[in-house]
**Student:** 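My questions all concern the structure below.
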Amino acid sequence: MRTIIEDMAHRLVEVSGVTGVMLGGSRARGEHRPESDWDLGVYYRGEIDLGALQALAGPDVEIAGPGRWGPWVNGGAWLKVDGVTVDWILRDLDRVEKVWADCREGRYEVGVQTGHPLGFWSPCYVGEVALGQVLADPAGELTRLRRQAAAYPEPLREALVAGAWEATFLVGVAAKGAARADLLYVSLCLSRAFGVLVQALFAANRRWCLNEKGALAVAEALPGAPVDFGGRVRGLLGALGESAESLATAVTEAQALVDETRATLTAYLRDTAVTDG
């Protein structure tokens, strides 16, 4: 299958507009299972020849052009090769490079995107390149960007850790929802608050967080995470009741976890800054 994928990548870069192809996801990181998909990042500049992509994919595959899948996951296609799922995911290399420039300055965005319930965090674009495997790169552009992204930008690290203030705000407004016994509102607030903390934990450890899937399991084992961080998050989300009293109790416990996490993150950032210096 690897040979098939590599051959596919080299045929993809022959399509007008395509600049390079990377293997991403769990297979690129060596964390895959036998049934895992093969995710191919198809990087392009300007206009991409969708007709040529269609010809390569075959008549039974629907090609989604840029913008069809949302503002951040540009488009692509879902294929079956010998019964194995292969995903083509379009990435605008000009936009990826702009995000990389923002990251180096400590700037990031969180956008609405289908399939990303906690939002699409723009540094994901760079993380995909940093953690992916280059399969086809005629001009060396992806290889060059991957080499640069190997060093996590300190301004981005500091910005994402500082951004954990949002978790405090979210728990605060969740308390108002708890008083109304508003289960949906409280659960959404707490889920996002914990997601923000996970992003901060990844950043504090100079690790790229690509999406929500499996992120808590990684974050709870990282230096700077409070004792039993993951267990406490799972316990709180899994035991939300419907009464105002039970929701208020959950919010109080969530507030304690947020405060503790932000304190440990601040201490960890300070300690590692001294060590690294």
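The figures here come from the full heavy-atom set of this structure, side chains too, leaving out hydrogens, waters and symmetry mates.
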**Student:** Start with the C-alpha distance between W165 and R262, add both sets of side-chain angles, then the distance that settles side-chain contact (heavy atoms from CB on, under 4.5 Å), and finish with yes or no.
**Tutor:** CA-CA 8 Å; W165 71 267; R262 292 189 65 188; 3.7 Å; yes

**Student:** Could you measure the distance from the SG atom of C124 to the CD atom of E109? Nearest 0.5 Å is fine.
**Tutor:**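 Rounded to the nearest 0.5 Å, the SG-CD separation comes to 13.0 Å.
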
**Student:** For a quick test of reading the model, state the closest non-hydrogen atom pair linking G231 to E220 and the distance between them.
**Tutor:** N-OE1, 3.9 Å

**Student:** Indicate yes or no: does E97 engage R144 in a salt bridge with an N to O separation below 4.0 Å.
**Tutor:** no

**Student:** Judged by atom type as modelled, is there a donor-acceptor pair below 3.5 Å linking the side chain of S246 to the main-chain atoms of S243?
**Tutor:** yes

**Student:** To the nearest 0.5 Å, tell me how far L135 CG sits from M8 CE.
**Tutor:** 11.0 Å

**Student:** Could you check Y44 against N74 for side-chain contact (heavy atoms from CB on, under 4.5 Å), going step by step and ending with a plain yes or no?
**Tutor:** CA-CA 11 Å; Y44 67 94; N74 297 28; 2.9 Å; yes

**Student:** Which pair of non-hydrogen atoms, one from C189 and one from A174, has the smallest distance, and what is that distance?
**Tutor:**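 Minimum heavy-atom separation between C189 and A174: CB-CB, 3.8 Å.
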
**Student:** Quick one: does V86's side chain get under 4.5 Å of W78's, heavy atoms only?
**Tutor:** no

**Student:** Taking only distance into account, with no hydrogens and no angle test, what donor-acceptor pairs under 3.5 Å do side-chain atoms of residues 65-72 form with protein atoms, sequence neighbours excluded?
**Tutor:**
{"unit_1": "R68", "atom_1": "NH2", "unit_2": "E62", "atom_2": "OE2", "d": "2.6"}

**Student:** Could you walk me through whether T261 and T264 pass the side-chain hydrogen bond (donor to acceptor under 3.5 Å, both in side chains) test, one step at a time?
**Tutor:** CA-CA 5 Å; T261 305; T264 58; 5.2 Å; no

**Student:** Apply side-chain contact (heavy atoms from CB on, under 4.5 Å) to residues L53 and W88 and explain how you reach the verdict.
**Tutor:** CA-CA 10 Å; L53 283 181; W88 292 354; 4.2 Å; yes

**Student:** What distance separates D137 CG from L142 CG, expressed to the nearest 0.5 Å?
**Tutor:** 4.5 Å

**Student:** Would you compute the distance between atom CZ of F229 and atom CZ of R234 and round it to the nearest 0.5 angstrom?
**Tutor:** 9.5 Å

**Student:** Can R232 and E253 be counted as an ion pair, charged N to O under 4.0 angstrom?
**Tutor:** no

**Student:** Where do V13 and G20 come nearest, in terms of heavy atoms and distance?
**Tutor:**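 Shortest heavy-atom separation between V13 and G20 comes out as CG1-CA, 3.8 Å.
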
**Student:** Looking at Y152, does the NZ or CZ of R157 lie under 6.0 angstrom from its six-membered ring centre and within 45 degrees of the ring axis?
**Tutor:** no

**Student:** Shared ILVMFWY cluster between I4 and L23, side chains joined below 4.5 angstrom?
**Tutor:**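 In one cluster: yes.
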
**Student:** Provide the closest heavy-atom pair for A200 versus L265 in the form atom of the first, atom of the second, distance.
**Tutor:** CB-CD1, 3.7 Å

**Student:** Donor-acceptor pair, D37 side chain versus D39 backbone, under 3.5 Å?
**Tutor:** no

**Student:** With R45 as reference, evaluate D92, D94, T19 under the side chain to side chain donor-acceptor pair (under 3.5 Å) test and give the passing residue.
**Tutor:** D94

**Student:** Rounded at 0.5 Å granularity, tell me how far CG in L240 sits from CG in L190.
**Tutor:**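 One gets 6.0 Å once the value is rounded to the nearest 0.5 Å.
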
**Student:** If you round to the nearest 0.5 Å, how far is CG of L40 from CG of D87?
**Tutor:** 8.5 Å

**Student:** Using a strict threshold of under 4.0 Å (side-chain N to carboxylate O), is an ion pair present between R146 and E128?
**Tutor:** no

**Student:** Between W38 and T85, does a side-chain contact (heavy atoms from CB on, under 4.5 Å) hold up when you go through it step by step?
**Tutor:** CA-CA 6 Å; W38 291 79; T85 300; over 6 Å; no

**Student:** Under a single-linkage definition using a 4.5 Å side-chain heavy-atom cutoff for Ile, Leu, Val, Met, Phe, Trp and Tyr, are V198 and L118 assigned to the same hydrophobic cluster?
**Tutor:**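 Looking at the clustering, L118 is in a separate group from V198.
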
**Student:** Could you please spell out the steps behind the side-chain hydrogen bond (donor to acceptor under 3.5 Å, both in side chains) verdict for N205 and Y268?
**Tutor:** CA-CA 9 Å; N205 286 274; Y268 182 69; 3.0 Å; yes

**Student:** Establish whether F120 and L131 are linked, either directly or via other cluster members, by ILVMFWY side-chain heavy-atom contacts under 4.5 Å.
**Tutor:** yes

**Student:** What I want to find out is whether D7 reaches R11 closely enough, with some N-O distance under 4.0 Å, to be called a salt bridge.
**Tutor:**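 Answer for the salt bridge query: yes.
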
**Student:** Looking at every non-hydrogen atom in both residues, tell me the closest pair between P153 and C103 and how far apart they are.
**Tutor:**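 So the two residues come closest at CB-O, 3.6 Å.
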
**Student:** Is there a continuous path of hydrophobic side-chain contacts, each under 4.5 Å between heavy atoms, that joins L156 to L210?
**Tutor:**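 In one cluster: yes.
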
**Student:** Mind checking whether V171 and L201 sit in one hydrophobic cluster, side chains of I, L, V, M, F, W, Y counted as touching below 4.5 Å?
**Tutor:** yes

**Student:** Considering non-hydrogen atoms only, spot the tightest contact between I63 and A57 and give its length.
**Tutor:**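 So the two residues come closest at CD1-CB, 3.9 Å.
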
**Student:** Where do Y108 and Y125 land on the ring pair (Phe, Tyr, Trp, His ring centres under 6.0 Å) test, with the steps shown first?
**Tutor:** CA-CA 11 Å; Y108 64 92; Y125 273 177; over 10 Å; no

